[in-house]
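Here the structure is laid out as structure tokens; the discussion comes afterwards.
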2 protein chains.
Amino acid sequence: MMLNSSQLLKKDHLKIIGLMSGTSCDGLDIALIEIETNKPVSEFKFITGQTIEYSARQRDGILKFIQSDSITLEAISQINFYLAKIWSEMIDTFLYQIRYKKNEIDLIGSHGQTLWHQPDAKLFIDSPITSTLQAGDPAVLAQLSGIPVIGDFRVADVALNGQGAPLIPYFDWIYFSPFKKNLLIVNIGGISNFTFIPSSGKLNEVLAFDCGPGNMLIDQAAQILFNKKFDLNGSLAAQGNFSDDLFEAIKKMDSFINKEPPKSTGREHYNRKFLNSVLNTTVRSQVSEKDVINTLTEYTAFSMHYNYLNFVAPMHKIDEVVLGGGGSSNKYLVKKISEYFKLTPVKFVHEYGLNEDFKEAIGFAILAHETLFGKCTNVPQVTNAKRPAILGKFCPV
Amino acid sequence: MMLNSSQLLKKDHLKIIGLMSGTSCDGLDIALIEIETNKPVSEFKFITGQTIEYSARQRDGILKFIQSDSITLEAISQINFYLAKIWSEMIDTFLYQIRYKKNEIDLIGSHGQTLWHQPDAKLFIDSPITSTLQAGDPAVLAQLSGIPVIGDFRVADVALNGQGAPLIPYFDWIYFSPFKKNLLIVNIGGISNFTFIPSSGKLNEVLAFDCGPGNMLIDQAAQILFNKKFDLNGSLAAQGNFSDDLFEAIKKMDSFINKEPPKSTGREHYNRKFLNSVLNTTVRSQVSEKDVINTLTEYTAFSMHYNYLNFVAPMHKIDEVVLGGGGSSNKYLVKKISEYFKLTPVKFVHEYGLNEDFKEAIGFAILAHETLFGKCTNVPQVTNAKRPAILGKFCPV
């Protein structure tokens, strides 16, 4: 369609903005990329990115809304327009600072602010229903910015009984498959997740799932035991010793690492309760505080390798492990990962030229591009959706 | 875009389903039309229509949700998917009954179920915000039906500071302007509204606004005074006499008919309180119950003509009045309208070959078609939007 998209499809290059507003509501990640339409999508150019923070008042208002047990129809209607409005202002700021004019931007891919995500069915009125809800209406954003928007990517996958997440594996596939290696991309956030990219380049061989703890257990222990936000560079871990007892206790408690993919987890599993239970099972006097950090770090590395052995290795031998996310700067963790993966080289996402800070924002710019060209971007074996789908809603101006 | 829409744009005829789910939540109006793409849009063919009622359990569940003072994010997320699911099942039923296959349908235009509509700004967090919210996610409907959907038409107009309503004047313009007459289309529902269609065919000369009471005052008086749901054929009115006192009392109380367009009203104005106040101002003993019905009917006709004189006639002389809506079967009302408009012929919408029962559903099928072809379908002088906009979100499959 439409006037807009027909024109867009004819252009020899497209400048696309990707937007990501995460669950922490700190701000909006904005990435600007350029794609030459006669080249492979993977050769897109990352022009620049910026995270624009919400004002304290905005953040408080949004968080208060999201955390409310009960809301009104009025409030949900209003926040959907409100977020689009402030994002459009943030795009103005971004473009002004990088000295771009609006009419130089062809398209926006917007994730939206997740308000609810329920991939597991629950009875509603008379039917079992799964759903997902993102606010920050893409049609409002299109009208206010004057730029066509594709948004609401997760909806179609959930409609097809998919988990609606993760969606980034498609981007990983676009980005890494041209290297023609079997790559295990490990993103170490609070939780760690895998994306396996096959050297064959076949999308239907891509695997992706949460594999276990990332920084979450280490960070919490650093807070409880050392009053530190995290174990900088893994230096605490490096000073401790490994405790076999503690390690076995964690392993025994952690059912998640044995679960078959697709699987996902979060703060509801590797939380303080989990950590306290673990700490209570071992004789604290025999394990120093640094030993705890050391052993949790070892366990974190182990859980990655364990998942690899059980759920990737039976199908695919990997050429490289490629680490990303905040946890990839924990040197002790990286050392342990390297030890577990033995002869397999361990590299970093930035060595592949990807700007990690804006990976998700870039990802949604790429998804918008793919939707524009009628490509399916959910990965059914990853999300468990019934079939591939073109994700997102196109909102013309 | 996209695969879907590029293919659609190439077809020489399109079969489009229009869906309307009104605020009463009785059921879903489904209309099927066919448009030959090498002919004017106005020559679309209405194939058939059906209203599929919600089950009692569905209707109660939806109404309860809409009327709740407080809801949860979970419930809003779920109802958005739920409605799309049951509509997709209703479309299955409809297509089965009319012996059409799904792959014969090219596109769906879906209005959605309005949950909230707030065209007047209200402070939200730190900004004055207007908004509108329709549930029944068009991307879910697209995936479940396997048919591309364009939905959420009102959003873009509200984003441009428009009222987001009425949207049907664009359809009226498509339908009636080929007759090349200055037509005053009067839709007599609970409220009456005008659409003026210029013989010039110029969209920017179209006028549309609520002009005053339709059946609302007459129906309420019939209920209070005669315990009847409405004045069938206007027979009660025909048996009464006109009361000048009562007429003047109503006129004095009714500020709405003097308001400059664009204007809209509803049950919040012509309600029982209004009617009671009117009845109390007159000496009841001198006015029989039938006189009340007679005079309210006269006032209803008067208010149409009054609005015409003040807000249409200064710019345009009309060739015909064209009546539609439930009130057009009130013979006494029609007689009075004819008297007020004197030499101007008074006709009916069905004389122009339009199936009124499915007018709105047909309207959203037409709007979807126009959006597909990149046409703006809000009428800024009607909605007060800052500028014309392509309405709706395109959801591919």
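The structure displayed is predicted, hence computed values, not measured ones. Here is the naming used below: chain letters follow the sequence lines, and residue numbers restart at 1 for every chain.
- Comparing B/T132, B/I76, B/D69 by how many heavy-atom pairs each has under 4.5 Å with chain A, the most go to B/T132.
- Enclosure of atom NZ in A/K39 is not indicated, since only 12 or fewer non-hydrogen atoms of other residues, nucleotides or ligands lie within 6.0 angstrom.
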Could you give me the CA-CA distance, side-chain angles and deciding distance for A/R387 and B/Q143, then say whether side chain to side chain contact (heavy atoms under 4.5 Å, CB included) is met? CA-CA 10 Å; A/R387 53 176 170 79; B/Q143 294 303 331; 3.3 Å; yes
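- When heavy atoms are compared at a cutoff of 4.5 Å, A/L144 approaches chain B solely by way of its side chain, counted from C-beta outward.
- Looking only at side-chain heavy atoms (C-beta outward), B/I125 and A/I62 come within less than 4.5 Å of each other.
- Comparing A/N80, A/I86, A/T130 by heavy-atom pairs within less than 4.5 Å of chain B, the highest count is held by A/T130.
- For A/I79, the parts lying near chain B are the backbone and the side chain together; criterion is any non-hydrogen pair under 4.5 Å.
- Under a 4.0 Å N-O distance rule, the pair B/K393/A/D152 does not qualify as a salt bridge.
- Residue A/F394 holds its CZ atom at 10.5 Å from CD1 of B/I150, rounded to the nearest 0.5 Å.
- The most heavy-atom pairs under 4.5 Å with chain A, out of B/S68, B/A84, B/G61, B/P138, come from B/G61.
- Of the two parts of A/K122, the backbone and the side chain both hold a non-hydrogen atom closer than 4.5 Å to a non-hydrogen atom of chain B.
- Annotation: maximal heavy-atom pairing with chain A below 4.5 Å, among B/L133, B/T72, B/L73, occurs at B/L73.
- Checking side-chain atoms of B/Q78 against main-chain N and O of A/I129 turns up a donor-acceptor pair under 3.5 Å.
- With a 4.5 angstrom heavy-atom cutoff, A/D126 touches chain B via backbone and side-chain atoms both.
- More than 12 heavy atoms of other shown residues, nucleotides or ligands fall within 6.0 angstrom of atom CD in A/E89.
- If you tally non-hydrogen atom pairs under 4.5 Å between each of B/C376, B/S55, B/S131, B/P388 and chain A, the highest count goes to B/S131.
- Of the listed residues (B/I71, B/D60, B/I66, B/V140), the one with the most heavy-atom contacts under 4.5 Å to chain A is B/I71.
- For A/L115, the parts sitting under 4.5 Å from any heavy atom of chain B are the backbone and the side chain alike.
- Of the listed residues (B/K85, B/R57, B/K375), the one with the most heavy-atom contacts under 4.5 Å to chain A is B/R57.
- Taking OG of A/S127 as the reference point, atom CZ of B/F81 lies at 14.0 Å (rounded to 0.5 Å).
- Heavy atoms closer than 4.5 Å to chain B are found in both the backbone and the side chain of A/V158.
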